[in-house]
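Written below as C-alpha cells is the structure these notes are about.
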Amino acid sequence: MTKEPLPLAGRRISGRLDIRNAVRSFSAVRAVDDVSFTAEPGRITGLIGPNGAGKTTLFNAIAGELAVDSGEITLDAERIDGLPPYKVFSRGLARTFQIPRPFAGMTVLENVMLVPARQHGERFWNTWLRPGLVAREEKANLEKARAIIEFCGLSPVEKQLAGAISGGQQKLVELARALMADPRIILLDEPGAGVNPALLDTIVDRIVELNKRGMTFLIIEHNMDFIMSLCDKVVVMAAGKVIAEGLPEQVRADRMVVDAYLGGAAA
Ligand SMILES: Nc1ncnc2c1ncn2[C@@H]1O[C@H](COP(=O)(O)OP(=O)(O)OP(=O)(O)O)[C@@H](O)[C@H]1O
Ligand SMILES: [Mg+2]
C-alpha cells in the first residue's frame, strides 16, 4: 500500500516571496536597510551574513512580528507587510525561530497538534451541535500530526515533553509545526545551530525531500556547507544591506562577501 505521508504532492508550486526596498530601524540602527530580493517558488534560497546583519529582523518583518518602516513584501503577489503574524501565517507563510520556542510542558505530539488549522472544535457550540464533525476533524488532525511527526523522524519521542528533548529535535518539532499549516513557504532561522551532525543530516534530508515535492524555503544559516549544498540561490546581508546575491559558488567567490562575512578564510 502506498500512503502519501504529507499533503503536499500535486500542489501547484507557490510561495514566491518578494521583498522590495524593505527598511526597519531601531532608533539609530537601520537593521534592515533597503533590502530587495526574491525567494523563488519551489526553490531554496539561503540568507547569510555576519552577526547583526539584520537577517532575523528581516524574518520578523516578513512574518508580521515587526512592522517595516517602508517597503513592500508580497507572497504570491499579495501584500503581506502590515498584516499581523496570524494572518501572514494563514496566508501560507510559516517560520521557525533561531531559538526554538516549544511548549516545554507539553509532549511533542501535543506541540504539533496545537497548530491552528480551522479547528471547529475550539468553538464550544460546535462541540455541542456537531460532535460528529469535531470528532472527525480531531481524528484527521491527529493522523496528519502523526504523519508529519513520522516524516520528521520524531516518532520515537512523540510522547516526550518538548522541553526534555535535544535542541536539534526541538528544531525538528518546529519544522513539524510549520508543516501542519500546509504552508506555501517555510522560513527557517538557523535550523542547524547547535544541532549534532547526525540530526543535522536528518534536517537537511527532510528539507531536500520537501523541496522535491515543491515546498519553497528561505533559510538563514551560518553553516556554509549547509548553505552551499542545499541552496539554489544565496543572498548575503551585511549591516542591514544586501551586498551580494547569486548562485552559491558565485557568492562564495565574491570578494565583498569574503571580506564582510568569511573574514578572508574562504577557499
Ligand atoms: N528588538 C530590537 N531592538 C533594538 N535593536 C535590535 C532589535 N532586534 C535587533 N536589533 C538590532 O538590529 C541589528 C540586526 O540584528 P538581527 O538580530 O536581525 O541580526 P542577525 O543577522 O539575525 O544576526 P545573528 O546572525 O547574530 O542572528 C543588530 O544591530 C541588533 O542589535
Ligand atoms: Mg539572527
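When a ligand or atom number is given, it counts from 1 through the structure's own listing order.
- In summary, Lys241 and Asp33 engage in a salt bridge, as defined by a charged side-chain N under 4.0 Å from a carboxylate O.
- Asp189 and Thr56 share a side-chain donor-acceptor pair at under 3.5 Å.
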Name every donor-acceptor pair, under 3.5 Å, that has one atom in a side chain of residues 198-208 and the other anywhere in the protein, sequence neighbours excluded.
unit_1: Thr202; atom_1: OG1; unit_2: Ala198; atom_2: O; d: 3.3
unit_1: Arg206; atom_1: NH1; unit_2: Phe151; atom_2: O; d: 3.0

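- Pairs of residues two or more places apart, or lying in two chains, that qualify as salt bridge (charged side-chain N to carboxylate O under 4.0 Å, His left out) and include a residue from residues 62-71 are Glu65-Arg95.
- Among protein heavy atoms, the minimum distance from atom 23 (O) of ligand 1 is reached at Gly52 N, 2.9 Å.
- Taking atom 2 (C) of ligand 1 as the reference point, the nearest protein heavy-atom neighbour is Phe26 CE2, 3.5 Å.
- Without hydrogens or angle criteria, Thr74 side chain to Leu17 main chain gives no donor-acceptor distance under 3.5 Å.
- Take a cut-off of 2.8 Å around the Mg ion (ligand 2): the protein N, O or S atoms inside it are Thr56 OG1, Gln98 OE1.
- Scanning the protein for heavy atoms near atom 29 (O) of ligand 1, the closest one is Val29 CG1, 4.0 Å.
- A donor-acceptor pair is defined here as one N or O able to donate and one able to accept, closer than 3.5 Å; such a pair exists between the side chain of Asp76 and the backbone of Arg16.
- Within the 3.5 Å criterion, the main-chain N or O of Ile73 finds no donor-acceptor partner in the side chain of Arg79.
- Summary of contacts: the protein heavy atom closest to atom 12 (O) of ligand 1 is Ala31 CB, 3.3 Å.
- Taking a cut-off of under 4.0 Å to the non-hydrogen atoms of Glu190, the atoms of ligand 1 that pass are 25 (O), 27 (O).
- For atom 21 (O) of ligand 1, the nearest protein heavy atom lies closer than 4.0 Å.
- For atom 24 (P) of ligand 1, the closest non-hydrogen atom on the protein side is Asn51 ND2, 3.6 Å.
- Grouped with Leu161 in a hydrophobic cluster is no other residue, since no side-chain heavy-atom contact under 4.5 Å to another Ile, Leu, Val, Met, Phe, Trp or Tyr is found.
- Within the 4.0 Å heavy-atom cutoff, Gly54 counts among the residues contacting ligand 1.
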Would you please test Val35 and Arg24 for side-chain contact (heavy atoms from CB on, under 4.5 Å) and show each step? CA-CA 10 Å; Val35 166; Arg24 170 67 203 212; over 6 Å; no
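- Side-chain atoms of Thr38 and Arg43 include no donor-acceptor pair closer than 3.5 Å.
- When atom types are taken as modelled, the side chain of Glu221 and the backbone of Gly46 share no donor-acceptor pair closer than 3.5 angstrom.
- Summary of contacts: the protein heavy atom closest to atom 18 (O) of ligand 1 is Thr57 OG1, 2.5 Å.
- Of all atoms in ligand 1, listed by their number and element, those nearer than 4.0 Å to a heavy atom of Ala53 are 19 (O), 20 (P), 21 (O).
- At the shortest separation from atom 17 (O) of ligand 1 among protein heavy atoms lies Thr56 CB, 3.9 Å.
- Of all the listed residues (Gln98, Glu221, Met237), Gln98 holds the heavy atom that lies closest to atom 27 (O) of ligand 1.
- Glu72 places no side-chain N or O within donor-acceptor distance of the main-chain N or O of Asp81, the cut-off being under 3.5 Å.
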